[in-house]
Protein chains: 2
Amino acid sequence: MLKAKPHESKAGRFVPPPKLPPPTPVVDLSDAEMRLAQDLLFFAYRDFTNVADKVLEELDLGRAHHRALHFIGRNPGITVSGLLAILRITKQSLARVLNALVDQGFVSQAPGFEDRRLRLLTLTDKGQALEQRLFDAQCTKIAQAYRESGPQAVQGFRNVMRAMMDKGARAYMDGTGSAEDA
Amino acid sequence: MLKAKPHESKAGRFVPPPKLPPPTPVVDLSDAEMRLAQDLLFFAYRDFTNVADKVLEELDLGRAHHRALHFIGRNPGITVSGLLAILRITKQSLARVLNALVDQGFVSQAPGFEDRRLRLLTLTDKGQALEQRLFDAQCTKIAQAYRESGPQAVQGFRNVMRAMMDKGARAYMDGTGSAEDA
DNA sequence: CGTTTTAAGTCAATATTGCTGACCTATTTC
DNA sequence: GAAATAGGTCAGCAATATTGACTTAAAACG
């Protein structure tokens with residue numbers, strides 16, 4: 001459908017332009033489902049991350065900082081390598097956000113006990129407070145979505161999302177604690 | 001950037017192990033669900049977009065180009081303003097990708113019939129072919145995830161994802177769903 | 001012991017994708 | 001004719017990602 005005209009209020013007539021091709025073809029039901037899924041993932045992810053972004057904006061932090069905070073909070077004592085394996089970004093990309101978080105007192109680093117090359121990452125109290133605040137914002141969103149959809153839908157959502165993840169991510173979710181591979 | 005311990009090197013080999021705080025606290029069941037949802041959204045979205053990114057890389061296009069192709073394909077004759085309203089980016093950000101797509105013959109522009117200020121956007125044959133190729137890649141992923149999860153889970157997934165979207169996105173979905181556009 | 005590997009930090013350069021603000025043109029509407 | 005609208009463009013900036021090369025410290029190996 002052409003929703004390209006948000007306000008043709010006065011004139012009000014919609015004249016279709018000459019010879020538009022049909023929308024991307026939907027050959028069968030499963031094809032329609034796929035198209036739907038694309039839209040769902042785009043909009044839902046955007047609007048989900050949006051609520052945290054608003055909080056981050058006040059503090060001049062970005063989404064990358066949030067991700068680091070989240071995974072450090074969930075895995076206290078994680079190493080830089082471990083975090084890299086989860087996030088799958090380069091060391092340099094992580095260093096930028098990590099240094100900012102350490103400088104601003106959100107994250108602290110401690111050398112490993114047995115292996116002193118390691119830098120064990122933890123959230124400071126300040127970091128935990130911020131992470132909690134970001135979590136609360138997204139929590140509201142998730143809770144509302146879950147309430148709207150019902151518990152059965154939630155289980156389905158979880159199954160599909162998990163099935164969309166690759167092997168390494170599933171292994172991490174299974175609590176092996178290691179994001180073994182890419 | 002070791003600022004945790006300025007001069008520890010001679011303090012001895014047996015540094016007390018850093019006291020690790022507990023993971024971000026999970027106070028009740030729904031809290032655990034929320035934490036899970038955060039992880040699910042991050043990993044699933046990343047791995048879903050990944051399959052298209054691999055195709056785009058060959059052509060030196062980015063995710064932003066894919067999004068434009070997708071929504072133009074789904075809404076032939078959409079205006080620049082309409083596309084901006086869906087993507088919620090600035091005119092300048094869109095112009096960059098749109099000009100690239102037009103220059104490379106993936107998208108064509110035609111002046112509106114009724115209102116000649118409008119530029120109605122459509123995919124060329126070449127653009128449709130590319131969009132189809134990107135769709136196929138993500139299709140494989142979705143189909144596999146849906147197969148793994150079962151039809152009931154799929155319905156739940158859809159409900160939750162939709163509930164996560166804000167009002168504007170839901171309105172778009174309602175006007176563009178597979179029910180209407182063919 | 002010395003060599004090699006590993007964990008991490010760093011520097012320089014580049015690309016993508018978003019942003020703001022300011023302006024300009026063509027066209028429609030009042 | 002003036003104002004509003006659709007669109008385009010320029011210049012600059014910011015966040016996040018990339019690659020490649022290099023350094024340091026500590027562990028592992030032989």
Side-chain angles (χ1 to χ4, degrees), chain A residues 4-13 15 17 42 46 49-50 52-53 56-57 59-68 77-85 87-103 107 109-121 182, chain B residues 1-5 7-10 13 15 46 49-50 52-54 56-57 59-68 77-85 87-103 107 109-121:
Chain A
K5 0 183 293 329
H7 83 26
E8 70 297 348
S9 42
K10 306 304 161 35
R13 306 174 310 278
V15 180
F42 171 67
R46 181 193 64 181
T49 52
N50 231 4
D53 289 344
L56 292 161
E57 204 173 347
L59 300 165
D60 272 299
L61 296 174
R63 203 174 289 178
H65 301 91
H66 185 193
R67 287 195 286 263
I78 193 175
T79 62
V80 172
S81 296
L83 203 45
L84 287 175
L87 297 172
R88 291 191 210 162
I89 57 177
T90 57
K91 196 169 41 163
Q92 294 76 4
S93 294
L94 179 57
R96 206 184 312 109
V97 293
L98 208 46
N99 287 336
L101 291 173
V102 170
D103 287 350
V107 168
Q109 296 172 312
F113 175 56
E114 310 139 44
D115 186 338
R116 299 208 316 266
R117 289 174 304 183
L118 305 181
R119 296 297 131 84
L120 306 182
L121 304 170
Chain B
M1 193 151 271
L2 227 188
K3 37 205 49 153
K5 35 167 231 42
H7 42 41
E8 174 270 333
S9 46
K10 69 171 315 155
R13 316 185 58 74
V15 185
R46 181 193 64 181
T49 51
N50 232 1
D53 289 344
K54 282 175 190 163
L56 292 161
E57 205 173 347
L59 301 165
D60 273 299
L61 297 174
R63 204 174 289 177
H65 300 91
H66 185 192
R67 286 197 284 264
I78 193 174
T79 62
V80 172
S81 296
L83 202 45
L84 287 175
L87 297 172
R88 294 193 203 159
I89 57 177
T90 56
K91 195 169 43 162
Q92 294 77 2
S93 295
L94 179 58
R96 209 184 301 113
V97 294
L98 207 47
N99 286 336
L101 291 172
V102 170
D103 287 350
V107 169
Q109 297 172 311
F113 173 64
E114 174 202 13
D115 183 340
R116 294 200 330 259
R117 290 174 303 182
L118 306 181
R119 295 298 131 82
L120 307 181
L121 304 169

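Below, read A as the first sequence line, B as the second, and so on, with proteins coming before strands; counting in each chain starts at 1. Treat the numbers as computed from the prediction; the structure is a model and nothing was measured.
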Review point. Which nucleotide sits closest to the side chain of A:Ser81: C:dC19, C:dA7, D:dA6?
Key: C:dA7
Study note, to complete from the structure: Between CG of A:Leu94 and P of C:dC11 the distance, given in whole Å, is 16 Å
Point to revise | Of the listed nucleotides C:dC19, D:dG8, D:dA26, the one nearest the side chain of A:Arg116 | key: D:dA26
Exercise for review: Grab the CG-P distance between B:Asn99 and D:dG7 for me, whole Å please.
Suggested key: 13 Å
**Study point:** 5' precedence on DNA chain C between A:Arg117 and A:Leu98 (nearest-nucleotide basis)
**Key:** A:Arg117
Check your understanding: Given atom CG of B:Leu118 and atom C1' of C:dT25, what is their separation to the nearest angstrom?
Key -> 15 Å
Would you tabulate the pairs of protein nitrogen or oxygen atoms and nucleotide nitrogen or oxygen atoms of nucleotides 22-24 of chain C closer than 3.5 angstrom?
residue : atom : partner : partner atom : Å
C:dA22  : N6   : B:Gln92 : NE2          : 3.4

Check your understanding: By salt bridge (Lys or Arg N to Asp or Glu O under 4.0 Å), which residues pair with B:Arg116, not counting sequence neighbours?
Key -> none
Exercise for review: Give a yes/no on whether any side-chain N or O of B:Thr90 is located under 4.0 angstrom from OP1 or OP2 of C:dG18.
Suggested key: no
**Study point:** Sugar-phosphate only, base, or nothing, as touched by B:Glu57 at under 4.0 Å among non-hydrogen atoms
**Key:** nothing
Practice item. Check whether any side-chain nitrogen or oxygen of A:Thr79 sits under 4.0 Å from OP1 or OP2 of C:dA7, and answer yes or no. Key: no
Exercise for review: Let me know the distance between CG of A:Leu101 and P of D:dA15, rounded to the nearest Å.
Suggested key: 13 Å
Practice item. Between A:Asp115 and A:Ala95, just flag the one whose closest nucleotide in DNA chain C comes earlier from the 5' side. Key: A:Asp115
Check your understanding: Base, sugar-phosphate, or nothing: which does A:Glu114 touch, judged by heavy atoms less than 4.0 Å apart?
Key -> sugar-phosphate
Can you name the atoms? Protein N/O to nucleotides 13-17 of chain C N/O, anything below 3.5 Å, with the distance.
residue : atom : partner : partner atom : Å
C:dT17  : OP1  : B:Arg63 : N            : 2.7
C:dT17  : OP1  : B:Ala64 : N            : 3.2

Check your understanding: Tell me: CG of A:Asp53 to P of D:dA14, nearest whole Å?
Key -> 18 Å
